[in-house]
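The structure appears below as structure tokens.
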Amino acid sequence: MNKINYIKERFFMKGDKIFFERARNSLSFKIFIFFSAFIIMVSSGFILFSAYNDFKAANEDLIKSGETLSSFLAYSTRTWVFAENRAMLSDAVQGIMNQKNVLAVAIYNADNKLLYSKIKGPLKKGQKLENEGAGLAAIPGDKKVLITEGKDTVEFLSPVILESYLHSEEALYFDDIPSAGRENVIGYVKVVLDKTILRKEIRTIVFKSIGMAILFLFLGALVIYVTLKKVLRPLIKLTKAVNLFGKGEFIKKVPVESSDEIGKLAMAFNSMTDDLKGRAAENRLLEEQLRHSQKMETVGTLTGGIAHDFNNILTTIMNCGNLLKLKMGKDEPLRTYVSQILVASERAANLTNGLLSFSRKQIIKPRPVRLNDIVIKVEKLLHLILGENIKLNTMLAGEDLTVIADSGQIEQVLINLCTNARDAMPEGGKLTIKTELAELDSEFRKTHDYGKPGLYAVVSVTDTGAGMDEKTRERIFEPFFTTKDVGKGTGLGLSIAYGIIRQHNGYINCDSEAGKGTTFRAYLPLTESVCEETESAAGIAMLHGSETVLVAEDDSDVREVTRDMLEEFGYKVIEATDGEDAVNKFIENKDRIGFLLFDVKMPKKNGKEAYDEIKKIRPDIKALLLSGYADDIINKERLHEEGINIMAKPVPPTELLRKLRELLDR
Ligand code: ADP
């Protein structure tokens with residue numbers, strides 16, 4: 001593009017937009033034009049005013065100098081006028097002629113006779129030196145100078161006055177009254193001044209002023225242009241930023257170049273964009289959270305459906321398996337296969353129970369309970385779970401945090417959380433369980449996307465263990481998600497906890513950082529209902545006993561945990577590994593044993609058979625059978641009629657202890 005085209009494009013044309021259209025839309029152009037017009041108006045007014053004043057002053061000066069010159073000439077030549085001495089008059093006139101602006105000088109006597117005259121150059125058109133007018137007669141009575149202004153000249157007529165204050169003998173004039181002051185006009189002088197020189201001078205002054213004004217205008221316009229550019233540059237940047245932002249493009253901060261209104265506007269814009277960016281990030285987070293909770297919901301529905309159907313299938317498998325086993329002879333070699341089927345289906349049933357908890361399909365028995373009481377209960381059992389190198393610290397809220405909950409389920413949540421904490425601290429560490437009151441407000445909702453506003457009882461479990469990275473943290477509540485080795489983790493602990501807490505209309509969340517430990521917080525809605533019973537310290541004390549319990553259980557892990565728990569609550573325990581062993585141990589210790597706690601399914605003799613046998617030895621012996629099999633539970637009523645107490649496995653520890661106490665104290 002050549003230069004002309006560039007200028008045309010840059011300043012006059014852009015596409016179909018013509019210069020004036022662009023100018024009309026440009027604030028800077030408008031301000032520029034406004035100020036320039038203002039400067040032109042002010043400076044031309046100033047020029048006119050000063051030219052007028054200068055002209056007026058110069059004219060006055062001219063008149064004054066004319067008056068002075070003519071008066072001076074009239075005075076200095078009075079003697080030579082009287083004497084009509086031309087030679088002497090010539091000298092005086094020459095002195096006046098040398099003055100600036102003097103065009104002509106003439107001297108007349110009282111009879112209007114020209115005594116002497118001198119002209120500088122030729123007279124201009126319309127100028128006359130001869131006095132055609134009244135001459136001396138035109139001079140006013142007070143004998144002052146007569147001024148007549150023409151187009152290009154000014155004439156001054158001054159009377160030549162002869163005075164006499166002398167004695168009559170000395171005076172040139174003789175009068176009747178000696179010594180009286182006298183004045184006599186004996187002629188007049190005419191001085192003509194040239195006005196054109198003056199006009200020329202004024203013109204020069206005006207031109208100079210116009211030159212100054214143009215310079216002033218140029219400088220003013222330059223200052224305005226620079227100032228406008230400086231003032232409007234941030235505005236132009238701001239406009240560009242707003243346009244970009246409007247298109248949804250990422251923008252950096254607009255520079256704040258001053259602390260005036262434009263600077264403040266830029267600051268306001270920056271804080272607005274920050275705010276909007278923050279909100280966009282918040283929305284992204286909320287979307288993420290929504291997607292996550294929808295995923296959990298979908299997985300929950302899916303697992304719940306599967307678990308429910310699977311439970312029915314399992315019930316059939318277990319029922320048929322049990323029937324098969326009952327009908328098989330004791331020496332039947334295929335019996336072990338059936339037993340294995342039953343053991344496997346019991347494990348499958350536990351799994352489906354976990355899934356049901358996650359999908360919130362578990363039937364719960366909620367009632368008003370104090371969160372602190374639940375923690376106290378669990379704390380007793382935790383010593384068994386945690387081991388020696390983990391220090392347990394509980395910090396309970398000062399107030400009653402009553403919630404509507406199935407305490408067994410909440411215990412389960414706490415045990416799951418603490419078990420995970422233990423696994424995260426293989427080298428030992430500190431585990432803190434804390435209860436507190438919390439108010440979920442709109443701020444919490446904003447950052448978490450959940451949380452109906454209100455008061456909540458919060459229980460938190462904090463460990464100083466390995467912690468988790470973000471990727472793990474995102475998936476922990478998903479069923480079957482585990483980072484533990486095969487056989488060590490099922491990936492159900494947290495999904496069960498999640499399901500239980502959600503079923504209680506609460507929320508569970510996790511704060512964790514790799515290498516820095518983990519905190520799980522469960523929020524349960526606070527209720528104003530009053531607890532029906534107090535299971536505080538006194539309640540816990542009620543679970544204690546000192547009797548000797550015969551525990552028969554073939555699974556050594558389960559047996560040991562049960563033993564430890566009973567001993568923790570003051571009981572003495574004798575262990576038996578199967579039904580037959582149970583009968584033998586009873587016979588050996590029949591005077592000490594006060595209670596039988598038998599698993600139903602055991603090798604050699606099942607729980608019921610062993611119990612029946614022992615009853616023959618001591619009919620009033622009290623017993624509780626535990627079973628993981630649905631059909632045992634289905635037949636609970638029939639067994640009860642036979643005086644047999646039976647509970648479904650897994651029994652929450654406190655429930656087991658309460659039942660034990662209840663049966664013992666009955
Ligand atoms: P599991 O314990 O059988 O693996 P969970 O659902 O209880 O299943 O836990 C899922 C995963 O969450 C764990 O495998 C572990 O990676 C992680 N996790 C849970 N609690 C903690 C914790 N306190 N510290 C570190 N990681 C944890």
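Start at 1 and go down the list; that is how both ligands and their atoms are numbered. Here the structure is a predicted model, which means the values were calculated and not measured.
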shortest atom 27 (C) of ligand 1-to-protein heavy-atom contact is with Met468 CE, 3.6 Å
Could you tell me if any non-hydrogen atom of Gly467 lies under 4.0 Å from any atom of ligand 1?
yes
Parallel, tilted or perpendicular, as decided by the 30° and 60° cut-offs, for the rings of Phe477 and Phe520: perpendicular
Taking atom types as modelled, is there a side-chain donor on Asn372 or Thr435 under 3.5 Å from an acceptor on the other?
-> yes
Out of Leu494, Thr518, Ile476, the nearest non-hydrogen contact to atom 19 (C) of ligand 1 is supplied by Leu494
Check your understanding: Is the shortest distance from a Lys or Arg side-chain nitrogen in Glu560 or Arg563 to a carboxylate oxygen in the other one below 4.0 Å?
Key -> no
Sorted by chain and residue number, the side chain to side chain contact (heavy atoms under 4.5 Å, CB included) partners of Leu663 (sequence neighbours excluded) come out as Phe595, Leu624, Asn645, Lys659, Arg666
request  = May I ask whether Gly491 has any heavy atom positioned less than 4.0 angstrom from an atom of ligand 1?
outcome  = yes
Q) For ligand 1, is Phe477 a contact, meaning one of its heavy atoms is under 4.0 Å away? A) no
| task | Assess the side chains of Asn416 and Gln412: does a donor N or O sit below 3.5 Å from an acceptor N or O? | result | yes
Salt bridge check, Asp469 against Arg473: does any charged N sit closer than 4.0 Å to a carboxylate O?
no
- Below 3.5 angstrom, do we get any N/O pair linking Thr482 and ligand 1? yes
| task | Report yes or no: does Leu492 have a heavy atom closer than 4.0 Å to ligand 1? | result | yes
With sequence neighbours left out, the residues meeting salt bridge (Lys or Arg N to Asp or Glu O under 4.0 Å) with Arg422 are none
Atom 7 (O) of ligand 1 sits nearest the protein heavy atom Asn420 ND2, 2.7 Å
Quick look: Thr483 vs ligand 1, heavy-atom contacts under 4.0 Å, and the answer is both
Note: ligand 1 atoms sitting under 4.0 Å from heavy atoms of Ala424 are 22 (C), 24 (N), 25 (C)
re atom 10 (C) of ligand 1, the protein heavy-atom contact at minimum distance is Phe481 O, 3.2 Å
If I apply the N/O under 3.5 Å rule, does Thr472 come out as touching ligand 1?
no
The protein heavy atom nearest to atom 2 (O) of ligand 1 is Lys484 NZ, 2.5 Å
Could Glu411 and Lys377 be called an ion pair, given the rule that one side-chain N must be under 4.0 Å from one carboxylate O?
yes
Restricting to heavy atoms, the pick from Val461, Thr519, Asp463, Asp485 nearest atom 22 (C) of ligand 1 would be Asp463
Taking Lys484 first and then Asp423, would you say they form a salt bridge - that is, a charged N and a carboxylate O separated by under 4.0 Å? yes
